[in-house]
Amino acid sequence: MDSLTLFCTGALLAGGIYWFVCILGPAERKGKRAVDLSGGSISAEKVQDSYDKYWSFFRRPKEIERAEKVPDFVDTFYNLVTDIYEWGWGQSFHFSPHIPGKSHKDATRLHEEMAVDLIDVKPGDRILDVGCGVGGPMRAIAAHSRANVTGITINEYQVKRARLHNKKAGLDSLCEVVCGNFLEMPFPENSFDGAYSIEATCHAPKLEEVYAEIFRVLKPGALYVSYEWVTTDKYKGEDAEHVEVIQGIERGDALPGLRSYTDIAETARKVGFEVVKEKDLAKPPAQPWWSRLKMGRIAYWRNHILVTVLAAVGIAPKGTVDVHEMLFKTADFLTRGGETGIFSPMHMILCRKPDTAKSS
């Protein structure tokens with residue numbers, strides 16, 4: 001083989017690797033690299049055991065309907081998936097409608113900014129992010145509104161990641177993160193000027209319990225907005241395919257059970273809220289929120305090969321491949337839920353705590 005042929009072969013190989021790793025979509029997002037994938041607060045040697053433990057919850061489904069079991073169940077899930085979410089999706093662990101001409105990043109930011117616009121807060125107000133993850137929405141909302149945002153998450157590893165990102169973004173003076181259970185929040189009554197939750201309260205075994213806690217910590221007259229995961233009016237419990245899709249979403253996303261869209265406003269009123277507005281943000285004319293999942297299939301296989309190699313050589317923890325595969329299968333169920341219209345991750349409800357309300 002002459003030198004020119006060797007050079008061309010090498011250049012073609014290098015170009016192919018660059019195309020595979022970079023052009024198809026960058027795997028590393030916002031500082032989380034593939035070689036840094038971990039099990040969150042779980043030690044590397046226990047990731048596989050924790051993955052097996054997570055699936056064992058579904059062999060005892062009644063346990064994940066009990067409030068005392070939820071912290072362990074959800075905490076285990078987010079230890080397993082947080083790094084993979086950041087690496088392959090970004091810092092905002094939620095969906096948003098596709099906006100023609102806008103990037104996924106911009107569509108996500110606009111979806112987050114709409115939440116804080118709805119609760120009508122002013123610069124300097126203190127607001128609550130219920131289930132903040134690593135703080136992607138928190139930072140977008142703080143930058144947009146200049147409100148002081150306090151986020152709560154059950155997962156200690158997410159607290160560390162959020163604080164790191166807040167400091168890097170220069171928003172640590174506006175953003176505070178607390179580790180805690182949103183069913184028993186460590187805040188006094190009447191202490192927040194507003195609150196929001198973006199695809200987070202779906203982890204509560206009973207929506208009434210988390211709504212009651214939010215009601216308690218809000219000041220009278222304050223507004224609360226939530227984007228809820230729900231089954232829609234198109235869901236039929238007697239349809240085997242519908243049931244399969246919804247159960248697939250529940251098991252791949254640490255959900256005690258998806259609620260019907262009809263339950264949301266009823267629950268809000270039950271704890272004392274006035275319902276100001278309710279709307280499924282996924283319905284037309286909104287563009288499909290699941291388009292990003294479908295577009296990412298090739299990138300998934302690229303990432304899966306990379307994760308498999310890293311696990312094989314001992315860089316990524318054993319069990320990471322199983323977690324990554326679980327998330328891909330869940331993405332398929334989510335896509336099917338969106339395409340059939342039986343599932344929405346953005347059923348929006350806007351509530352007000354009455355001016356004369358007393359927290360229970």
Side-chain angles (χ1 to χ4, degrees), residues 54 57-58 60-82 93-95 115 127-134 137-138 150-156 158-159 177-187 189 192 194-218 224-232 246-247 249-273 275 278 280 330 334 343-351 353 359-360:
Y54 172 74
F57 281 108
F58 293 103
R60 304 185 303 277
K62 290 297 180 184
E63 289 197 8
I64 58 177
E65 296 175 4
R66 294 161 52 192
E68 66 270 21
K69 292 292 183 179
V70 170
D72 189 29
F73 173 57
V74 176
D75 187 45
T76 298
F77 175 76
Y78 278 111
N79 273 322
L80 292 170
V81 306
T82 290
F93 298 174
H94 65 81
F95 298 105
I127 61 176
L128 177 65
D129 182 331
V130 184
C132 66
V134 299
M138 170 192 298
T150 298
I152 184 168
T153 172
I154 193 69
N155 185 261
E156 183 64 46
Q158 289 189 338
V159 171
V177 190
V178 174
C179 188
N181 183 352
F182 61 30
L183 300 177
E184 299 174 339
M185 290 192 280
F187 309 121
E189 295 180 2
F192 289 96
Y196 65 88
S197 53
I198 299 179
E199 302 183 29
T201 56
C202 51
H203 293 298
K206 294 180 180 178
L207 190 63
E208 180 180 347
E209 293 178 351
V210 64
Y211 275 13
E213 268 293 271
I214 295 165
F215 185 90
R216 180 183 68 81
V217 301
L218 281 177
Y224 164 60
V225 66
S226 184
Y227 298 164
E228 294 287 349
W229 281 31
V230 298
T231 56
T232 72
I246 296 305
Q247 287 185 347
I249 293 171
E250 292 169 346
R251 295 183 178 191
D253 285 295
L255 307 181
L258 273 169
R259 301 173 180 92
S260 167
Y261 74 102
T262 60
D263 296 334
I264 308 304
E266 178 183 349
T267 303
R269 291 188 181 99
K270 187 175 181 180
V271 304
F273 279 119
V275 176
E278 186 178 17
D280 187 348
T330 305
L334 287 162
F343 165 74
S344 171
M346 52 191 72
H347 185 90
M348 185 277 291
I349 185 166
L350 178 64
C351 308
K353 181 174 179 176
S359 300
S360 56

- request: Check whether any side-chain heavy atom of V130 sits under 4.5 Å from a side-chain heavy atom of I214, and report yes or no.
  value: yes
- prompt: Taking only residues two or more places apart in sequence or in another chain, which ones pass side chain to side chain contact (heavy atoms under 4.5 Å, CB included) with T262?
  reply: S260
query: Between M138 and V177, is any pair of side-chain heavy atoms under 4.5 Å apart?
result: yes
task: To the nearest 0.5 Å, tell me how far L258 CG sits from I246 CD1.
output: 5.5 Å
message: So which atom in C202 and which in W229 form the shortest heavy-atom distance, rounded to 0.1 Å?
response: CB-CB, 4.0 Å
query: By side chain to side chain contact (heavy atoms under 4.5 Å, CB included), which residues pair with E213, not counting sequence neighbours?
result: M185, R216
- prompt: Nearest heavy-atom pair of G194 and L218: which atoms, and what distance?
  reply: C-CD2, 3.6 Å
message: So Y196 and D129, do their side chains get closer than 4.5 Å, heavy atoms only?
response: yes
Nearest-0.5 Å distance that lies between atom CD1 in I152 and atom SG in C179: 8.0 Å
task: Check A268 against V275 and note the closest heavy-atom contact, atom names and distance.
output: CB-CG2, 4.2 Å
query: Quick one: OG1 on T153 to CG on D75, what's the gap to the nearest 0.5 Å?
result: 8.0 Å
- line: Minimal heavy-atom distance between V178 and T150, with the atoms involved, is CG2-CG2, 4.2 Å
query: How would you list, by chain and number, every residue that makes a ring-ring contact (aromatic ring centres under 6.0 Å, His included) with F273, sequence neighbours excluded?
result: F215, Y224
field: Listed partners of F95 passing ring-ring contact (aromatic ring centres under 6.0 Å, His included), at least two apart
entry: W89, W289
- line: Value for CD1 (I264) from CG (L207), rounded to nearest 0.5 Å, stands at 5.0 Å
E199: partners by salt bridge (charged side-chain N to carboxylate O under 4.0 Å, His left out), with sequence neighbours left out: none
task: Only counting residues at least two apart or in another chain, list the ones meeting side chain to side chain contact (heavy atoms under 4.5 Å, CB included) with T330.
output: D253, M326, L334
message: Surrounding CD of E184 (heavy atoms of other residues, nucleotides or ligands, distance under 6.0 Å), is the total greater than 12?
response: no
- prompt: So do the side chains of C351 and Y211 get within less than 4.5 Å of each other, counting heavy atoms only?
  reply: no
query: Tell me, do V81 and Y54 make a side-chain contact under 4.5 Å, heavy atoms counted?
result: no
Residue from F182, Y78, F93 passing ring-ring contact (aromatic ring centres under 6.0 Å, His included) with H203: Y78
message: Could you work out, with side-chain hydrogen bond (donor to acceptor under 3.5 Å, both in side chains) as the rule, every residue matching D280, not counting sequence neighbours?
response: S344
- request: Hey, could you give me the OG1/CZ distance between T267 and R259, rounded to the nearest 0.5 Å?
  value: 7.5 Å
query: So which heavy atom on Q158 is nearest to which on G133, and how close?
result: OE1-CA, 3.3 Å
query: With sequence neighbours excluded, what pairs up with E208 under the side-chain hydrogen bond (donor to acceptor under 3.5 Å, both in side chains) test?
result: K270
statement: Heavy atoms of A200 and G131 approach each other most closely as CB-O, 3.7 Å
task: Could you tell me whether the side chain of I127 reaches within less than 4.5 Å of the side chain of F192, counting heavy atoms only?
output: no
statement: Contacts of E278 meeting side-chain hydrogen bond (donor to acceptor under 3.5 Å, both in side chains) (sequence neighbours excluded), chain-then-number -> H347
task: Taking side-chain hydrogen bond (donor to acceptor under 3.5 Å, both in side chains) as the test, write out the residues that go with Y261, two or more places apart.
output: none
